[in-house]
Amino acid sequence: MAFLLRSISRSAEGREIVRTSRVDDDLLKVGRDPDSDVHLNDLAVALHHASLEQVSPTRLGVSAEMGMTVDIDGSTTQFGQIDLNVGGTIKVGPFLLRVLAVELGSEDVAIDVSRPESDEEDDRFDTRRFALQSVMPGKRAMAWTLTLGVLALFLAWPIWSFFANRGDAQQTATGFHADRLWSSGSLSASHSGLRDNCQACHVTPFVPVQDESCKACHTAVHDHADPSRLQQSTPNLGGIRRLQQSVGNLFGQGPGRCVECHTEHEGPQEIPPTPQQFCADCHTDIRSRLPDTRLASAANFETAHPEFQPSVLIQWDNERPQMRRVALGPNARERSNLKFPHDLHLAPRGGVAQMARRLAPRFGFGDAMQCADCHVPSPDGVRFQPVDMEGDCGMCHSLAFDELGGTLRTLRHGSPAQVIGDIRSLYRAGGPQRPEELSAGARNRPGDVNQIRAAVQFARARASLGSRADQAIRAVFSQGGACFDCHEVVQPPAGTLNYGIRPVAFPTRYMLHGWFDHRAHGIVQRPGQARVEGSAACASCHRAPTSGQASDLLLPDLTSCRACHGGESTSLPVASTCAMCHDFHMDGGTPAMLLRRTVRGRRWETTVTPIRPQPRPAAAQRR
Amino acid sequence: MASRGLQASGLSEGTAHESFLRYRKYRWLKIGAILSLLTVIIYLFVDVQPRHNGGSWLGYLLGTIGALLIFWLAMLGIRKRAMTRGRWSLKAWTSAHVYLGLALIVVGTLHSGFQFGWNVHTLAYALMMLVIVSGIYGISVYGLLPQGLSDSRSEMTGPQMIHSINQLDKQIQISAQPLSDEDSAVVIGSLGEDPFGGGVWRRLSGAYPRCGNGAALRVIRARHDEATGKEAQALDQVLQLLEKKAAGLQRLRGYIRRRALLEVWLFVHIPLTFVLIAALVAHVVSVFFYW
C-alpha cells in the first residue's frame, strides 16, 4: 500500500499550486522535522507530531506523539481512527490533512495537505486598532450610561423619596432617605436631629422654607416687633440690598423670615453672637423713621445709649400700686410705703452694728450688718426675693408681746386687726375673777349691800384693764411702736382703735426690657479699684450705705455700668454687645446669647473668673 | 477640533496661522481673566453671613453665570460641526471655549463657597472640575505630543510598521523550523503576541510585562548561550529576528502610547460633559425643590 500526498498551496494571486508525492509505506510520519513524510513547516507543529498507519484495509489509525493532540473530524484527541471508505479530516496545527475515501480496487490512501487561510492575521493588524477607541467603550455609550445613572440616583430617587414619605412624620424621621443626597451641608448642632427628616422644614416643593415650619417647634419665640413697623424702621437699603430684596420678594422670600438670620446647612456650627451692628442698623436713629416710637436711639452701649428708665412704683391708687418708667437721677423716688434707713442698718458702728454683734452667735451676723443678712437671692441668683419681715427683719425686730411657759407669743405680721385682737385678749386673760357674790347660785351673805359692792368693785377692775389694752394698742401703732417704726400707719376713725397699715410693695424687676444678672456681679473690680465682694460689691453699684430713706431709688445709673461695660469693641474691661442685655425676640428671661454661653460652658463672668459659689447668706440659712 | 488650531499654526507668528490659543492677541484670555478677577474681588468684598455659600445673592449670581457657561461650553460639540469665518469663526469659538472654561474654575469654586460634602452639589462640582482638567490636559498634550508622535514612528506610517512586524513574523516562522519543540513553543509565543494587545492601561503606560516576544527573547537568548553547533546557528538566526521584532514592537507601541495619551482626554471630556449637565440639572432642581 502507499500514501498519495497532494500538497495544496496558493499563489499570491490566489491560484492553486498542487504538488504530489507518493510514500510507499504503511506508516506516515507527520511533523515539522524535515525528515517527516508529511513536512508541516509551522511552529505550531511539533518536530514529530503524529503518525498515520493503516490498521486494516478499511481503517486508518491516527496517533499523536506523547503530549500532542490532533483534531480528527472536529474532535481533539490523541488517538483515533478514520474509516477509509468514508474518508475524514485531520487537523495538525494550522494544517488540514484531508483523507479521501479509498476508491474501489485501489490500495492507495490519498491525502490532501493544505493550510486554510485565516482572517485572524487581517484582524490583528487592522490599522483602526491604532486608535484608543479600539480598546475603550464608546463615548456615546459612556455618556448615556453615566448620565442616566446620575439622573436616576440624584434626581429621580430623591424626588421619589420625597413623595413616598410625604406627610408621614414617623417614617420620615428615621433611617436614610434619598433626599439626603441633596443636603448642601450638615445642619447646625441644635438641629442635627432633623438630618433624616428634610420635610420637617422643606414642606412644599419649590416653596422656600416658611416660618410656620420653625414655629411648629419653637412655639415660644415671637416677633421682635410688628412686621410692618419692623420694615418701616429699617433704614433705606443700599442698591444691592434693595435689589436683592425685591428679587427675593419676587420669589416669595420676603424680609423678616426666620431663615433670613437663622441660616442652615452651614455645617455643625453654633449660632454666633448677634453683632452690635445688627441692632444699630435700625436703632441708631430709629425715631427718624418711626416718629411715634417711645424708644430712644441706641447704637453702642459705651457711646450711644439712653439713660436707664426703670419701671418704678411711684404712687398708690388706694391699695393699687402704680408703676411708671422714670429716668434715673438724683431725684428719682419710689414709694414702697416702708420706712427703712439703709445707712443706719449698714453703719459699721452704732446701735444696729452692736445688736448684730450681740446676736451674732444666734444668727451668724458679722461685726456689722451685711446686705445678704436681709436680702436673699432668688434660686437662680439673678435677682432677690422680696424682703420677708419675719425671716429678714425678725431677728432684731421682734414682734413678741407675751411669754407663756417659755414660748414667745408674737403679734401677727400683716394683719392689724389680728394684732389689735391679740392685745385685747392678753389684757382680758390676765383680768380679775368674777366675784362669787355675782353668781346666781351662790350662797350669799344676806343683804344687797354686799352684792352691790362686789359688782362695783368688779366693774372698776375690769374698766381699768380695758383702758390698759387701749393704751397698748395705741402704743404699737404710734411713734416708737413696733408697727409705726417701719410702716405708714392709717389712723383709726374717731372713737375707735381700728388702726390700719398702708400696703407695701416692691417691683421684683425694675428693668423689664433689659437683663441684669446679680450672680455674675458677685465680685466686682472696677478699673483702678480694688477687687471687692459681698456688701462692698453691692455698694459699688447701689449707694445704700448713704441712703437714709426707703424712698431713695438705689438703682445704679448708666454711668455706673459704663465704668466696666463698653461697646462691642472697647478698651474697657467688658466688651458688651446689645445682645448681652437685650434679646431680639424680647423674651422676658435670659437673653439667648447668655443662655447659649451657659449651655456651652462659656459663661461670661464679668470681672473675675471663675466665680466660686457664694456661701449661703446667713438669712437664708435660718430658714 | 482642538488639535486643528495647534497643528495648523505650528505655534508660529502671523495672523494667517494664528492658533486658537493666541486668537486676536489672546482676546479671550483677557476676557476670561477679567471675569475671574472681577469674581474674586466681589467675593472678597461682599460680606455674606454666616459664610459664603451658593444660596446667597452672590452665590445665585455666580451659579447662574456658571450654569450658563457650562451650557455654552458644551455647545462647542455642536458648533464645531459647522465651520464659519470671522468673529464667530470656529477658531474664535474654540479660543473662547478654552479661556472661559478656565474662568469657570474660579466662578464654580467661588459659587461653592468652598463648602463640599457627599452630595449632588459637590458631585456637579467634581464633574465640572474633571471636565475642565481633562480639557487642560488635552490642550497640553496637543501642544507637546504631536512632535514626538512623528519622531517615534521613524518616518514610517502605521501600515508600514505593521507590515514590518508581519515580515519579521514570517521570517521567524521560517528560521525557527529547525528548533526543538520546547524552543519552538517559546517562539510561537512571540508569533502569537498581539502588538495591539492589552487594554487602556497598557496603552497609556507603554508597559507590556507579559509580552510574548519579550519572553521568547529572554529564553532564546539563554538557550543560545548554552547551545553549540548547528543548533546554535539556528538559534542565533531566530534571536536576531526576535530582537528586530522587539524594536519594531517598541516603535509601534510607543506610537500607540502617544496616540492613547493624545486621545484619552476626549474619553473623559466628552462623556463627562453630558454627565455634568445631568448632575447640574439635578443640582439646580434639588436646590429649588428644597428651597
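Quick caveat, the model's predicted, so the values are computed rather than measured.
Both the backbone and the side chain of A:Ser184 come within contact range of chain B, each with at least one heavy atom under 4.5 Å from a heavy atom of that chain. Proximity to chain A (any heavy atom under 4.5 Å) is shown, for B:Gln177, by both the backbone and the side chain. There is no contact between A:Pro34 and chain B, counting heavy-atom distances below 4.5 Å. The contact between B:Arg51 and chain A is made by backbone and side chain atoms together, counting heavy-atom distances below 4.5 Å. Heavy atoms of A:Pro158 lying under 4.5 Å from chain B are absent altogether. With a 4.5 angstrom heavy-atom cutoff, B:Leu204 does not touch chain A via any of its atoms.
Annotation: side chain of A:His49 is not in contact with side chain of B:Asp181 (no heavy-atom distance under 4.5 Å). The side-chain heavy atoms of A:Leu43 and B:Gln173, taken from C-beta on, include a pair separated by under 4.5 Å. For the pair A:Glu266 and B:Gln115, the minimum side-chain heavy-atom distance is below 4.5 Å. Contact of the A:Val135 side chain with the B:Phe196 side chain is not registered, since no non-hydrogen atoms from C-beta on lie closer than 4.5 Å. Annotation: side chain of B:Asp194 is in contact with side chain of A:Arg129 (closest heavy-atom distance under 4.5 Å).
To the nearest 0.5 Å, atom CZ of residue B:Phe274 and atom NZ of residue A:Lys139 are 11.0 Å apart. The distance from the CD atom of B:Glu263 to the OG atom of A:Ser134 is 9.0 Å, given to the nearest 0.5 Å. Atom CZ of B:Arg257 and atom CG of A:Leu132 lie 12.5 Å apart (nearest 0.5 Å). The structure places CG of B:Asn53 at 11.5 Å from CD of A:Glu264, a figure rounded to the nearest 0.5 Å. Here the CG atom belonging to A:Leu181 is positioned 9.5 Å from the CG atom belonging to B:Leu123, to the nearest 0.5 angstrom.
Shown here is A:Phe163, whose CZ atom has more than 12 heavy atoms of other residues, nucleotides or ligands within 6.0 Å. Counting heavy-atom neighbours within 6.0 Å of B:Gln250 CD, excluding the residue itself, gives a total of 12 or less.
Chosen from B:Pro178, B:Pro159, B:Ser112, B:Gly199, the residue pairing most often with chain A at heavy-atom distances under 4.5 Å is B:Pro159. Ranked by heavy-atom pairs under 4.5 Å with chain A, the first of B:Leu127, B:Val200, B:Leu276 is B:Val200. With chain B as the partner, the residue from A:Asn41, A:Val207, A:Val209 showing the most heavy-atom pairs under 4.5 Å is A:Asn41. Top candidate by heavy-atom pairs under 4.5 Å with chain B, chosen from A:Gly31, A:Gly138, A:Pro205, is A:Pro205.
Heavy atoms only, all atoms of each residue included: B:Ser184 and A:Arg32 are closest at OG-NH2, 2.9 Å. The shortest heavy-atom contact between A:Ala131 and B:Arg203 is O-NH1, 3.1 Å. For the pair A:Gly185 and B:Asn119, the tightest heavy-atom approach, listed with the atom from each and the gap, is N-ND2, 4.4 Å.
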Exercise. For side chain to side chain contact (heavy atoms under 4.5 Å, CB included), just list the numbers for B:Trp57 and A:Leu243, CA-CA rounded to whole Å, side-chain angles, deciding distance to a tenth of an Å, and then say yes or no.
Key: CA-CA 10 Å; B:Trp57 69 266; A:Leu243 179 73; over 6 Å; no
Identify every side-chain donor-acceptor pair in residues 277-291 of chain B under 3.5 Å, counting partners at least two apart or on other chains, and give the distances.
unit_1: B:His283; atom_1: ND1; unit_2: B:His121; atom_2: ND1; d: 2.9
unit_1: B:Ser286; atom_1: OG; unit_2: B:Ala282; atom_2: O; d: 3.2
unit_1: B:Ser286; atom_1: OG; unit_2: B:His283; atom_2: O; d: 2.8
unit_1: B:Tyr290; atom_1: OH; unit_2: A:Asp179; atom_2: OD2; d: 2.7
unit_1: B:Trp291; atom_1: NE1; unit_2: B:Tyr60; atom_2: OH; d: 2.9

Donor-acceptor pairs are to be reported for all side-chain atoms of residues 144-157 of chain A against protein atoms at under 3.5 Å, with residues two or more places apart or in another chain.
unit_1: A:Thr145; atom_1: OG1; unit_2: A:Ala141; atom_2: O; d: 2.6
unit_1: A:Thr147; atom_1: OG1; unit_2: A:Ala143; atom_2: O; d: 2.5

